[in-house]
Structures are given as C-alpha cells and as structure tokens.
Trainee: 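Got a structure for you, written out below as structure tokens; questions coming shortly.
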Amino acid sequence: MFSIPRPSRRHLLVGGAVGALALAATAVLPSTNAMAATGCAVTYTTNSWQGGFTATVTVKNLGDPVNDWTLGFSFPDAGQRVVQGWSATWQQSGSAVTARSMSYNGSLGTGASTTVGFNGSWTGANPAPTAFTLNGTACTGGTTPTTPPPTTTPPPTTPPPTTPPPTGTTPVAINGQLRVCGVNLCNRYGRPIQLRGMSSHGLQWFANCYNDASLDALAKDWQADLFRISMYVQEQGYETNPTGFTNQVNSLVDKAEARGLYALIDFHTLTPGDPMYNLDRAKTFFAAVSARNAAKNNVIYEITNEPNGVSWSTIRNYAEQVIPVIRANDPDAVVIVGTRGWSSLGVSEGGNSDEIVNNPVRADNIMYTFHFYAASHKDNYRNEVQRAASRLPLFVTEFGTVTYTGDGAVDTASSTAWLDLLDRLKISYANWTYSDASEGSAAFRPGTCAGGTYAGTSVLTDSGNFMRNRIRTPDNFPTS
Ligand code: IDC
C-alpha cells in the first residue's frame with residue numbers, strides 16, 4: 001500500500017506569506033519473513049513562511065520492534081537548517097540531519113509510529129527531503145534482508161490513519177497528549193488548538209467550590225476545555241501542609257480527567273515574588289505530582305504563577321532546575337514558565353518579551369505565561385502580546401475581566417478586545433476565578449458553593465456570565 005500525502009497544516013501565526021508542503025515517500029509492503037525485518041514509512045509536513053518553517057515528521061516502524069531509533073535525512077537545499085527540535089535529539093552536519101529518539105519514544109513496535117518535529121530556517125528554497133532512513137534502513141517500505149516481498153497482494157485503496165480518530169467528544173478525548181509546536185499548543189494531530197477554561201481560586205480558601213457537581217458544570221454546562229488548579233504556596237497554602245495540598249491537587253486532576261478536561265497544575269507563587277524562595281518546595285511538589293500523573297494525557301504543569309521583583313535570568317534559572325524534575329517522570333508533558341513582572345512578559349516592570357527571546361529557557365515543549373486584568377491592562381499590553389506571539393509560545397494561565405486587585409466591575413470592552421485577540425492568535429486561557437469569592441472576578445455569586453448548584457446562569461456574576469458565554473462557543477478542534 002502507499003501512503004498518501006497528509007493534508008497541509010494550518011499555518012503558524014507568523015507574518016508573511018504562508019506556504020504548505022506535504023510529502024509522503026513510502027512503499028509499504030507486508031513482511032513475510034521471521035528474520036530481522038526492517039522498514040519504515042515517513043511523512044514529512046511543513047508549515048512554511050518566508051525564511052522559516054515548522055516541520056512535523058511521523059515515523060512508522062514497519063520492521064521488527066526497536067528500542068531506540070535514529071531517523072536520518074538530507075535537506076535538498078544548502079540553506080535549510082534545523083533551528084530547534086522536539087521529541088528527539090536533533091543534529092545537523094552539512095545538509096545531513098539526524099533525529100535520535102528520546103527515552104520515552106524510543107521503543108517502536110511493528111506498525112507503531114511516533115511524531116517528532118522542529119522549527120527550521122531556509123534561505124533559497126524550502127523543498128521537502130525525499131529520502132529518509134531509520135536506523136540506517138531506507139524508508140521505502142517494509143522489506144526483509146533475505147526474502148523479496150510478495151507482489152501479488154493488491155494494495156488497499158486507503159492507508160490506515162497514523163493517528164486513530166477520537167473515540168469520545170471531550171477535549172482530552174479529541175486532542176489527546178498536547179505538545180508545543182512552533183509557537184502553538186498542538187494536539188495529537190500536530191494541529192494548533194486553543195484551550196479555554198477557568199482557574200480555581202486558592203484551594204486553601206475555596207475547597208468547597210471544587211467537587212463533582214461544580215466540575216460537571218464546568219465540563220458540560222460551560223463546555224470548558226481546561227481547569228486550572230491554583231495551589232497557593234504561601235498564605236496558608238502548600239507550605240503549611242505539603243502532603244494535604246498535593247493530595248488535593250491530585251484528586252482534582254482525577255476529577256478533570258474523568259470529565260475529559262485538561263488540568264493545569266498551578267504552583268501559585270505570588271508573595272514573595274522570587275520563585276527561588278520556593279525552589280525546594282517546587283522540586284518536592286513537582287516530583288510528586290509528575291510521578292503520580294505521568295501516565296495521564298490531560299496534565300499541564302505551571303511551575304511558577306507570577307514572579308515579581310526578580311530578573312528574567314533568575315526565573316530562567318529556576319525553570320531550568322524545576323523542569324528536569326518533571327521531565328524525569330513525565331517526559332512529554334507541556335510545562336509553562338512564568339515571566340517577569342507578575343507574568344506580564346516583563347511589561348509591568350518596564351521590560352518586554354525580548355529578554356525571553358534573547359535568553360530562552362533551555363528546554364523543549366515549554367510555553368511562557370502571560371497574565372492580564374482587563375480593566376487595568378490594555379493596549380500597550382495587547383500590543384506586546386501580539387508582538388511576542390510570533391516568537392514565543394504563550395499561554396494565558398490567568399486573567400481577570402476586572403482590575404488587577406481581582407475586584408471591581410467587568411470591563412466588557414477591554415475583556416472582549418483581549419479575548420478576540422487570544423482567539424485570533426489561538427492562545428489558550430484560564431479565567432480567574434471559578435469560585436464564589438466576594439470579589440468582581442469570581443464567576444459565582446457569594447454563597448453558591450454552599451448551595452451546591454453550579455449550572456445555568458442564575459448563580460453567575462457579571463463576570464461569570466461573560467466568561468460562560470465566551471467559553472461555551474464551539475471549539476471546532478481539528479481531528480486530522
Ligand atoms: C487574589 C485573590 C484575592 C486574594 C489575593 C491574595 O483574588 O482574593 O486575597 O489574590 O492572595 C493575581 C494573582 C492572584 C490574585 C489576582 C487578583 O495571581 O492570586 O488573586 N491577581 O488580585 N495576579 C494579578 C491579579
């Protein structure tokens with residue numbers, strides 16, 4: 001059978017002309033020999049724009065199972081370069097490129113496939129490579145060293161899909177394990193998606209708001225994709241009872257999983273603003289939650305909420321110590337790193353995103369946090385997000401429709417401008433808060449959580465109504 005070119009992907013949100021290339025070079029023939037069988041099929045797809053591209057490479061093992069693998073190919077044009085890869089160790093020498101498997105995707109059974117990718121640059125032209133090898137064997141189809149493949153079997157007319165179609169309709173059932181590709185958050189089809197959801201308030205204060213009924217309402221009535229679990233570290237939070245808060249977070253991860261919601265585990269540092277103050281606690285906490293939740297595909301880790309009063313290099317140093325702790329247990333999960341000035345990309349402390357672009361965290365599959373409060377943060381912040389979004393993967397893990405105090409009236413005009421921007425850029429978000437706190441940012445009226453009814457609009461504040469209307473619109477997640 002022959003695989004067909006995959007459809008061209010959505011373009012990245014980067015200025016300039018967008019082109020798409022798709023290539024599939026395979027001749028897949030059944031193996032009939034028990035001797036060491038080799039063979040492979042590769043699909044290489046790019047989103048390309050002037051000077052840059054993102055490549056998604058799916059490798060299918062048609063031979064005997066392997067425990068690790070090296071993919072090889074050559075760029076046809078001398079100006080093509082791998083800039084930053086993911087899900088493999090990428091190297092380039094001249095035009096020859098290799099991608100070595102990671103510990104978590106090295107084992108590939110017969111017929112199994114895995115997807116890796118990279119951001120690249122090009123100068124003259126950006127043609128797709130035409131020949132690939134897997135552990136030295138050309139990826140032209142299933143072959144055995146000694147027996148020629150039978151030629152009598154007619155090929156089926158359609159190839160099996162590389163990624164099976166979803167078996168459910170929840171956000172996690174459709175999108176599966178997420179990963180960062182280029183500046184986007186991508187689903188298991190390698191397509192950019194936006195997750196829209198709500199943040200809890202501090203678990204130490206509002207535990208009674210997070211239960212089966214409230215999470216049912218979030219998943220079914222609000223049609224949300226995401227639940228942010230905001231675990232304060234200070235203010236009577238984690239530091240006072242590490243085991244208790246760790247268990248509480250884990251149980252909410254399970255409740256999110258049961259409803260097909262992504263769970264964003266927020267290590268909610270706020271005061272003091274230096275994340276290093278909590279470094280040891282962060283390592284202990286993330287070692288525990290990443291080990292416990294490694295097998296799940298709905299978990300995203302947010303390692304520090306709002307660093308403030310510290311340099312970007314300190315935040316980066318913190319990230320480069322905490323991320324390996326998570327990766328050791330849960331190598332494929334997306335990790336989100338807070339930014340300077342209360343996660344304002346530096347803007348609230350007189351900086352901007354250049355400090356991150358010039359000095360990024362040395363880890364792959366990560367995103368950077370941006371927070372805003374719509375009544376306080378307006379055009380200059382929106383402009384910076386728009387500018388940064390073509391260069392950095394951004395995730396709005398928290399925002400309010402009100403002022404930065406968390407209180408006051410909904411600023412409908414500014415909130416609408418913000419969410420329209422995030423929708424257009426496919427930037428995921430969580431709104432502060434899914435709680436009945438006596439403050440304008442809370443979605444529920446005071447006393448709602450004691451009452452136990454969460455669905456519908458009668459329990460909602462102005463902010464809750466505004467957010468439910470935004471979040472309930474269809475996601476239209478891509479499924480191929
Ligand atoms: C606020 C809560 C408020 C609480 C205060 C201090 O709404 O009830 O007393 O924290 O813990 C943030 C923070 C978030 C803030 C929120 C609103 O991440 O913890 O919550 N905010 O002030 N950054 C900007 C605004």
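Numbering of ligands and ligand atoms starts at 1, following listing order.
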Trainee: For Glu239, check side chain to side chain donor-acceptor pair (under 3.5 Å) against everything at least two apart and list the hits.
Mentor: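 Testing Glu239 for side chain to side chain donor-acceptor pair (under 3.5 Å), a comparison that skips the adjacent residues, returns Gln234.
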Trainee: Using the side chain to side chain donor-acceptor pair (under 3.5 Å) criterion, which residues pair with Asn250? Sequence neighbours excluded.
Mentor: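 Here the qualifying residues are Asn293.
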Trainee: Which pairs count as salt bridge (Lys or Arg N to Asp or Glu O under 4.0 Å) when at least one residue sits in residues 339-357, sequence neighbours excluded?
Mentor: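 Salt bridge (Lys or Arg N to Asp or Glu O under 4.0 Å) check on residues 339-357 returns Arg340-Glu349, Arg340-Glu355, Asp354-Arg387, Asp354-Arg391.
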Trainee: Between Trp222 and Tyr434, does the ring centroid distance fall short of 6.0 Å?
Mentor: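 So the answer is yes for these two rings.
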Trainee: Is the Trp205 to His268 ring centre distance short of 6.0 Å?
Mentor: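 Not under 6.0 Å, so no.
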Trainee: So, for Trp432 and His371, is the gap between ring centers shorter than 6.0 Å?
Mentor: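 No, the ring centres sit 6.0 Å or more apart.
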Trainee: Report all protein residues having a heavy-atom distance below 4.0 Å to some atom of ligand 1; order the list by chain, then number.
Mentor: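 Residues within 4.0 Å of ligand 1: His201, Trp205, Tyr232, Glu235, His268, Leu270, Asn305, Glu306, Tyr373, Glu398, Tyr404, Thr405, Gly406, Trp432, Glu439.
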